[in-house]
Student: 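Can you read through this structure? Questions will come right after.
Naming: A, B, ... by sequence-line order, numbering from 1 per chain.
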Protein chains: 2
Amino acid sequence: MTPHHQADPAAPSLEQARRQIARYGLTADPQAVLVAARLMGAGARIGQAGEVHFGRFGLSTGRYRLLADLEDHGGEKSPSQLAASLGVSRATVTGLVDGLEREGLVARRPSTEDGRGNVVILTARGADRLRELAPEHFARMQSMVEGLSVEERTVFLDLLARIVAGIEALTED
Amino acid sequence: MTPHHQADPAAPSLEQARRQIARYGLTADPQAVLVAARLMGAGARIGQAGEVHFGRFGLSTGRYRLLADLEDHGGEKSPSQLAASLGVSRATVTGLVDGLEREGLVARRPSTEDGRGNVVILTARGADRLRELAPEHFARMQSMVEGLSVEERTVFLDLLARIVAGIEALTED
DNA sequence: TATGAATGCTTAGGTGCCTAACTATTTGGA
DNA sequence: TCCAAATAGTTAGGCACCTAAGCATTCATA
């Protein structure tokens, strides 16, 4: 490793934050900005790693979440409900269901109660897929946070929740 | 708020984690799995919020990062260098530069040293854009983490770095 | 010196996510 | 009762990201 090796793009330095703030004569706290920047970088990293992880099982993060949510609800749910519980738009659910249906992991049935509505059901093949990936999935999830003790994980959960609550500062107004 | 209001999709519960693990007779630690799941959810949330945030200034997260990186290096850098420091593929840089060039925020010039290479330069318009968005950008970044004290932020940075180091557990092998 | 390997960038095609607009159906109020 | 508003789902178009494959140019070496 040379003294000038490439810095981790997900981990901007405090110096960098200080420099950026100074350039425009602002008064923001460099440490606070650094935390925000690191979190954004970590978020991107985690997202990409998640796609690789679920890709092993022929799924994506979105498709896995839809499948798991379906299983958690007796294997049957409307697209609108799925959109609400996954926190994505209905259009995204349409796309996810299209892909999962193509692979036979879910199926669409017209709703018996509402002529406008559909119901997405988990097929046997879909349930199988979830069962097959579970051991490796949970093992890897667990090893990801193995660098922290139980106490540290508790602290982390608390701090993370409080920052997540602050995310709306980015979007509000 | 009703007693059965929709749970935050980014915040799965410990109960949910326990249930999923139990369903397949596994022995994973529910708390560890919860931390991993919450982090993945937070990552997605932050990513979306970032797009909204930068969208205010006619940019995206990727385009902002490219612009800021360019400014940090004297306003001139090759696509390959940009890809390395942003942590994305060269193909992605091509797309980002295409968009930024269309809006006149950067320009492409052939490299004088390497006939194969380009140099991306920050235009005056691009530097203006960065200067205009800086006050609001840093203010919002700061408010995002305002729920934490300085000491808590330090702890958070440490814990986050150690979990980020564990991300490769999701991808390795 | 000539040629194959490495490098720089773009293109093509895929996925996920979004918003906005469109169709079909249901619901509710004048 | 009837018609407008709300709701369910899809489609269309956009952006960011990826990998793989394609050119062009430069480098290294036989």
Student: Taking CZ from B/Phe54 and P from D/dA16, how many angstroms apart are they, rounded to a whole number?
Tutor: 12 Å

Student: Counting any heavy atom closer than 4.0 Å, what does A/Ala91 reach on the DNA or RNA strands: base, sugar-phosphate only, or nothing?
Tutor: base

Student: Decide if the gap between the ring center of A/Phe57 and the ring center of A/His137 is smaller than 6.0 angstrom.
Tutor: no

Student: Any donor-acceptor pair under 3.5 Å linking the side-chain atoms of A/Gln48 with those of B/Thr171?
Tutor: no

Student: Within the structure shown, what part of the strands sits under 4.0 Å from B/Thr92 by heavy-atom distance: base, sugar-phosphate, or nothing?
Tutor: base

Student: Using a heavy-atom cut-off of 4.0 Å across all strands, would you classify A/Gly117 as base, sugar-phosphate, or nothing?
Tutor: sugar-phosphate

Student: Between A/Thr123 and A/Leu105, is there a donor-acceptor pair closer than 3.5 Å when you use the side chain of the first and the backbone of the second?
Tutor: yes

Student: With a non-hydrogen cut-off below 4.0 angstrom, is B/Ser89 in contact with a base, only sugar-phosphate, or nothing?
Tutor: base

Student: Whole-Å distance between C/dT15 P and A/Leu66 CG?
Tutor: 16 Å

Student: Contact class for B/Ser80 (heavy atom, under 4.0 Å): base, sugar-phosphate, or nothing?
Tutor: sugar-phosphate

Student: OP1 or OP2 of D/dA20 versus the side-chain N and O atoms of B/Arg90: is any pair under 4.0 Å?
Tutor: no

Student: What nucleotide among D/dG9, D/dA16, C/dG8 has an atom nearest to a side-chain atom of B/Ser60?
Tutor: D/dA16

Student: For A/Gly115, which contact category applies under a 4.0 Å heavy-atom criterion: base, sugar-phosphate, or nothing?
Tutor: sugar-phosphate

Student: Nearest nucleotide by nearest heavy atom, which residue falls closer to the 5' end of DNA chain C, A/Arg116 or A/Arg63?
Tutor: A/Arg63

Student: Classify the nucleic acid contact of A/Ser78 as base, sugar-phosphate or nothing, counting any heavy atom under 4.0 Å across all strands shown.
Tutor: sugar-phosphate

Student: Assess whether atom CD of A/Glu113 is packed by more than 12 heavy atoms of other residues, nucleotides or ligands within 6.0 Å.
Tutor: no

